[in-house]
There are 2 protein chains.
Amino acid sequence: MPSATVENYIKKILVLSLDTREGQVGMGEIAKGLEVAAGTATSMIKNLERSKLVRYKSRQGVTLTAKGRKLGMDMLRRHRLVETFLVETLGLDWTEIHQEAEELEHAISEKVLDRLDKFLGRPEYDPHGDPIPTKDGKFAERRIRNLLECQSKQPRTIKLLTDQSTDFLNFARRKGLVPGTSVEVTNRDLISDAVELRVGNKKPFTLGSKAAKKILVSS
Amino acid sequence: MPSATVENYIKKILVLSLDTREGQVGMGEIAKGLEVAAGTATSMIKNLERSKLVRYKSRQGVTLTAKGRKLGMDMLRRHRLVETFLVETLGLDWTEIHQEAEELEHAISEKVLDRLDKFLGRPEYDPHGDPIPTKDGKFAERRIRNLLECQSKQPRTIKLLTDQSTDFLNFARRKGLVPGTSVEVTNRDLISDAVELRVGNKKPFTLGSKAAKKILVSS
DNA sequence: GATTTCATTTTGATTAGTCAAAGTCTCTTC
DNA sequence: GAAGAGACTTTGACTAATCAAAATGAAATC
Ligand SMILES: [Mn+2]
Ligand SMILES: [Mn+2]
Ligand SMILES: [Mn+2]
Ligand SMILES: [Mn+2]
């Protein structure tokens, strides 16, 4: 059985690789993402290679093997189902569940996970709007883009916030920017680096491009 | 924060000490109970002493400090609430939940535990009939005895099976000896070392003293 | 009282995961 | 193409948890 540490590395590599054309992830991203020293990551990656979970080219990067991708998807499934449970069933707040799930994901057996999945009604998205992989490691489609890429004057539904720090999530909630809410881009000005948007019937307000990029919506 | 290992040691010491007049637990019991080598237990106990969780007299035994007892009770609470959740909410079988809870108990935060407790309706007993400590570490009263100590001809209710191995639990279930069921001791013969009992309206059968001792009932 | 036995403790080693700091590459920049 | 900057790797050291096997102590037996 992989240790919790191994599971965390593989999950991180998977998530990072999803944003990358060729699925190759740099050592620095991994170290930073897991808040460990660079050398720690290098030595851990060599372990993972010995376990055939990743392929590793020195000074180039890391890619998951099929085995690694399977484990990573499984971890994502665990993490997101647990998050869904914490919000849906226990009524916790979606801004504070990430850390909880970070621990629970390693402690939950396959059997318990299946029961949980059933109990929750086989949800497709977690409380942050992230898709929950199915048991055989398939992702539900996403079909969403960030607010910076949206043309104006069309209602959109918020699906996902990519920055899940408590600070950002709190800001988002204050503005009503929670998954499921309907928003409309009322104006875009790429020169001044800003997007104006309206949430429901409230007064429109302006968002910088950095923040706008973190908010994913479906048309 | 105590590691999962520390939590396991303290929980084991607490449970062992509950069966002992003076609350003192021998090194051998601890090592055996946790399935580690004797020397491993000795060295771990010294750690626990440094952390002020136990008092330790070389070659005599170990007792919990107030701090240790508090942690132990907390672990028992976690363990038993998780077990209750697994059976009540997810519908798992009470013969197979112990190991699951053994992992989950370390991964669950105070906040999640409280929500779970509330969600479950603040249960007082776990699926094995063990009392669940309250948040401030108080045990519900037990008022139950084992079947070997019972006088005949009086209906009793099964409260707890002290041997929680899968084998014993399966045997017990086959015989209908599950918590909540009503039984009656129809005959006791201490010389032949046996207890005869009837479950509901079924035909009475005989139990050896070892097994009888493992079944706790309330009058 | 000497001896044996058995539980316990000590010793020496191992493994996973980690860090700081020193060393090495590789890609820009001039 | 030499130099420098930054990313990456290596090295040496540390901690928690563990085991096997040797040493020790205390109680029971002779
Ligand atoms: Mn994790
Ligand atoms: Mn999530
Ligand atoms: Mn445990
Ligand atoms: Mn139990």
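So that the names make sense, note that chain A is the first sequence line, chain B the second, and so on, each numbered from 1. Below, all heavy atoms of this structure are taken into account, side chains as well, without hydrogens, waters or symmetry copies. Source: prediction; values computed, not measured.
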Next item on the list: Using a strict cut-off of less than 4.0 Å between a Lys/Arg side-chain nitrogen and an Asp/Glu carboxylate oxygen, indicate whether Asp114(A) and Lys118(A) qualify as a salt bridge.
Entry: no
Just how far, in rounded Å, is [atom2] of [N] from [atom1] of [X]?
{"X": "Leu48(B)", "N": "dT18(D)", "atom1": "CG", "atom2": "P", "result": "11 Å"}
{"X": "Ile45(A)", "N": "dG17(C)", "atom1": "CD1", "atom2": "P", "result": "12 Å"}
{"X": "Lys46(B)", "N": "dT8(C)", "atom1": "NZ", "atom2": "C1'", "result": "10 Å"}
{"X": "Lys57(B)", "N": "dG25(D)", "atom1": "NZ", "atom2": "P", "result": "18 Å"}
{"X": "Arg59(B)", "N": "dA7(C)", "atom1": "CZ", "atom2": "C1'", "result": "7 Å"}
{"X": "Ile30(A)", "N": "dT18(C)", "atom1": "CD1", "atom2": "P", "result": "13 Å"}
{"X": "Glu29(A)", "N": "dG6(D)", "atom1": "CD", "atom2": "P", "result": "18 Å"}
{"X": "Gln60(A)", "N": "dT26(C)", "atom1": "CD", "atom2": "C1'", "result": "11 Å"}

Would you say [X] reaches [N]'s phosphate, i.e. side-chain N/O to OP1/OP2 under 4.0 Å?
{"X": "Ser58(A)", "N": "dT9(D)", "result": "yes"}
{"X": "Tyr9(A)", "N": "dA16(C)", "result": "no"}
{"X": "Tyr56(B)", "N": "dT9(C)", "result": "yes"}
{"X": "Thr40(B)", "N": "dT18(D)", "result": "no"}

With a 3.5 Å cut-off and sequence neighbours excluded, list the donor-acceptor pairs that the side chains of residues 81-94 of chain B form with protein atoms.
from     : atom 1 : to        : atom 2 : distance (Å)
Glu83(B) : OE1    : His128(B) : ND1    : 3.1
Glu83(B) : OE2    : His79(B)  : NE2    : 2.9
Glu83(B) : OE2    : His98(B)  : ND1    : 3.4
Thr84(B) : OG1    : Arg80(B)  : O      : 2.7
Asp93(B) : OD1    : Thr95(B)  : N      : 2.9
Asp93(B) : OD1    : Thr95(B)  : OG1    : 2.8
Asp93(B) : OD1    : Arg173(B) : NH1    : 3.1
Asp93(B) : OD2    : Arg173(B) : NH1    : 2.6

Check: Between dT9(C), dT18(D), dT9(D), which nucleotide has the shortest distance from any of its atoms to the side chain of Val36(B)?
Finding: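 It is dT18(D).
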Where do N or O atoms of nucleotides 11-16 of chain D meet protein N or O atoms at under 3.5 Å, pair by pair?
none

Margin query: List the residues meeting side-chain hydrogen bond (donor to acceptor under 3.5 Å, both in side chains) with Thr65(B), not counting sequence neighbours, and say none if there are none.
Written below: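 Result, side-chain hydrogen bond (donor to acceptor under 3.5 Å, both in side chains) vs Thr65(B): none returned.
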Next item on the list: Could you pull out all residues at least two apart from Asn8(A) that satisfy side-chain hydrogen bond (donor to acceptor under 3.5 Å, both in side chains)?
Entry: His106(A)
Checklist line | With sequence neighbours excluded, residues passing salt bridge (charged side-chain N to carboxylate O under 4.0 Å, His left out) with Lys214(B) | finding: Asp163(B)
Check: Does Arg55(A) have any salt bridge (charged side-chain N to carboxylate O under 4.0 Å, His left out) partners at least two apart in sequence or in another chain, and if so, which?
Finding: none
Next item on the list: Assess whether side-chain hydrogen bond (donor to acceptor under 3.5 Å, both in side chains) is satisfied between Gln24(B) and Thr63(B), documenting all intermediate values.
Entry: CA-CA 5 Å; Gln24(B) 188 161 86; Thr63(B) 50; 5.4 Å; no
